[in-house]
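Structure first, then comments.
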Amino acid sequence: MSDMPVDEFRRAGHQVVDWIADYLHNMRDLPVLPNVEPGFLIDALPASAPESGEPIDGILADFERQIVPGMTHWNHPNFHGYFSVSASGPGILGEFLTSALNVNHMVWKSSPAATELEQVTTRWLAEWCGLGPEFFGEILDTASTSTMHAIAAAREMADPDARTKGGSRDLIVYTSEHAHSSIEKGAIAVGIGQDNVRKIGVDDAFRMRPDILAQAMAADRAAGKRPCCVVPTAGTTSTTSVDPISDVIGIAEQYGAWVHVDAAYGGVAAIVPEHRHILNGIERAHSMVVNPHKWLFCPIDLSVLYTSRPDILRRAFSLVPEYLRTNEDGRVVNLMDYGVPLGRRFRSLKLWFVMRYFGHQRVIETVRNHIQWTNELACEISRHPDFELAAPVPMALICFRMRGSDDANRKLMDAVNRTGHAFLSHTVLNGHFVLRLSISNIRVTKADVERTWQTIQSAAAAL
Ligand SMILES: Cc1ncc(COP(=O)(O)O)c(C=O)c1O
């Protein structure tokens, strides 16, 4: 079999780039959420793949006709659910080239430039976030994977036998009631177990309470358990609350426990000088995760795991079969030594494109605008007689409610989402259903934010 002829590739490639350019330009004309029923695509597509190849024009036409109408447009400026993200122009171009180059930089030799660009870009990003040169960075797919690796390193530090003998049921991981589920999943994956994750209570701003953490760690030690890892969050998923990292580290240090900071979302806010304080104390942490695919305008997937103890991470995972041995000198990093995946996508290329194209100052300005517009809208919401804020607003996410029942708020969210003009998601705070509105897309403008607020008010009035 031979590949697509080069002329055909060139023609279809230009068509695809034109499609992407129009898509990004006309995004506001599309409904944020699709109007489809479950099974719509499965029922529409053939049950088996074609016996004979089909022309690319037909495939592209079906992409527009059948796939696009069923898409939730995460790139839409009025996608305010979960955390809004963005594939920026330079990020898309980087991703395009990554798939063309198709390298696998498991070892330096298998793609020297990909290995070294990962080292360069993770250092650049560390500098932007205020992490010192002692932090080694590697790129993984998601924060869930990064955190699982950090917990594995914590286990390695506490129990070096676990790697060979398995089992470490007396190790305990601490995180807050508001931490992301990936912390528990990480503990499940490395064999610490879900029962050995303590969910520490929070204060009225949804931040981990150091006094409860101290009590829990002391009680576990008194019961013969081994506190091994503490995971504070800088930007929790429900409310973007920031745990008191420095105080948490002070307590963890008394037990020699590894501290992993989940800054998957909030780490990018620390690039803005007046928000740098959210990572206060980070220099004493063992690891941190930040996701450029959340708020740094890179297409998914791109998560960076930083650690000041790469030696321990390496001890946890390095396993070199004969066929992967290389004889480069000591300067070389073989990224496969620092985690589970052998194969690695060349993700740093899109990060390099994004960081170079926008530069430090434009990233600061964009993230700063997101935070400012969020705070301005939060003020309007708090002043409106029919609405109330449900949590403080430290970053670019508003948790709010219409005054009334949970059911009315659920109906309001569904009504807003049905309009196609905006997409909101929800959480539960203090037992109540709460709407979440995230403002972090690179194309979002103040006018977009105002339009969403109008949509919410009209939907509320119509209920
Ligand atoms: C605070 C936090 N940590 C971790 C994650 C998991 O991220 P990922 O989807 O990259 O695994 C999320 C996802 O939103 C998050 O908000």
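Remember, it's 1-based here, ligands and their atoms both numbered in the order they're listed. Model, not experiment: these values are computed from the prediction. Note that the numbering runs from 1 along the sequence shown for the chain.
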Salt bridge between Asp407 and Lys411, side-chain N to carboxylate O under 4.0 Å? yes

As an exercise, identify every atom of ligand 1 less than 4.0 angstrom from a heavy atom of Ser182. 4 (C)

Below 4.0 angstrom, N of the basic side chain to O of the carboxylate: do Glu388 and Arg401 qualify? yes

Just need the protein heavy atom nearest to atom 6 (C) of ligand 1, so name the residue and atom and give the distance. His180 CE1, 3.3 Å

Give the residue and atom name of whichever protein heavy atom lies nearest to atom 13 (C) of ligand 1, and the separation in Å to one decimal. Lys294 NZ, 3.1 Å

Carboxylate-amine/guanidinium proximity below 4.0 Å for Arg28 and Asp448: yes

Would you say Asp262 and ligand 1 have an N/O pair spaced under 3.5 Å apart? yes

With under 30° as parallel and over 60° as perpendicular, where do the rings of His370 and Trp295 fit, or are they tilted in between? parallel

Using a strict 4.0 Å cut-off to heavy atoms of His293, name the atoms of ligand 1 that fall inside it. 10 (O)

Using a 4.0 Å cutoff against the non-hydrogen atoms of Ala264, which atoms of ligand 1 qualify? 2 (C), 3 (N), 4 (C)

Taking heavy atoms and a distance under 4.0 Å, where does Tyr82 meet ligand 1: side chain, backbone, both or neither? neither

If you count the atoms of ligand 1 from 1 in the order shown, which ones are under 4.0 Å from a heavy atom of Gly235? 1 (C)

Which option, Leu140, Ile183, Thr237, owns the non-hydrogen atom nearest atom 16 (O) of ligand 1? Thr237

Below 3.5 angstrom, do we get any N/O pair linking Ala143 and ligand 1? yes

So, are Arg169 and Asp195 salt-bridged, with charged N and O less than 4.0 Å apart? no

Judging by distance only, is a nitrogen or oxygen of Tyr265 under 3.5 angstrom from one on ligand 1? no

Which residue in the set Leu319, Leu324, Asn104 passes side chain to side chain contact (heavy atoms under 4.5 Å, CB included) when paired with Met336? Leu324

Does Thr233 reach ligand 1 with a nitrogen or oxygen that is under 3.5 Å from one of the ligand's nitrogen or oxygen atoms? no

If you measure from the Lys or Arg side-chain nitrogens to the Asp or Glu carboxylate oxygens, is any gap between Arg314 and Asp311 under 4.0 Å? no

Can you tell me if Thr452 and Asn78 form a side-chain donor-acceptor pair at under 3.5 Å? yes

Can you confirm whether the side chains of Tyr338 and His149 place a donor and an acceptor under 3.5 Å from each other? no

Record the part of Asp141 in heavy-atom contact with ligand 1 below 4.0 Å; permitted values are side chain, backbone, both and neither. neither

Ligand 1-proximal atoms of Ser144, by part, heavy-atom distance under 4.0 Å: both

Quick one: does Thr236 get an N or O within less than 3.5 Å of an N or O on ligand 1? no

For the residue pair His73 and Tyr23, is the inter-centroid distance of their aromatic rings smaller than 6.0 Å? yes

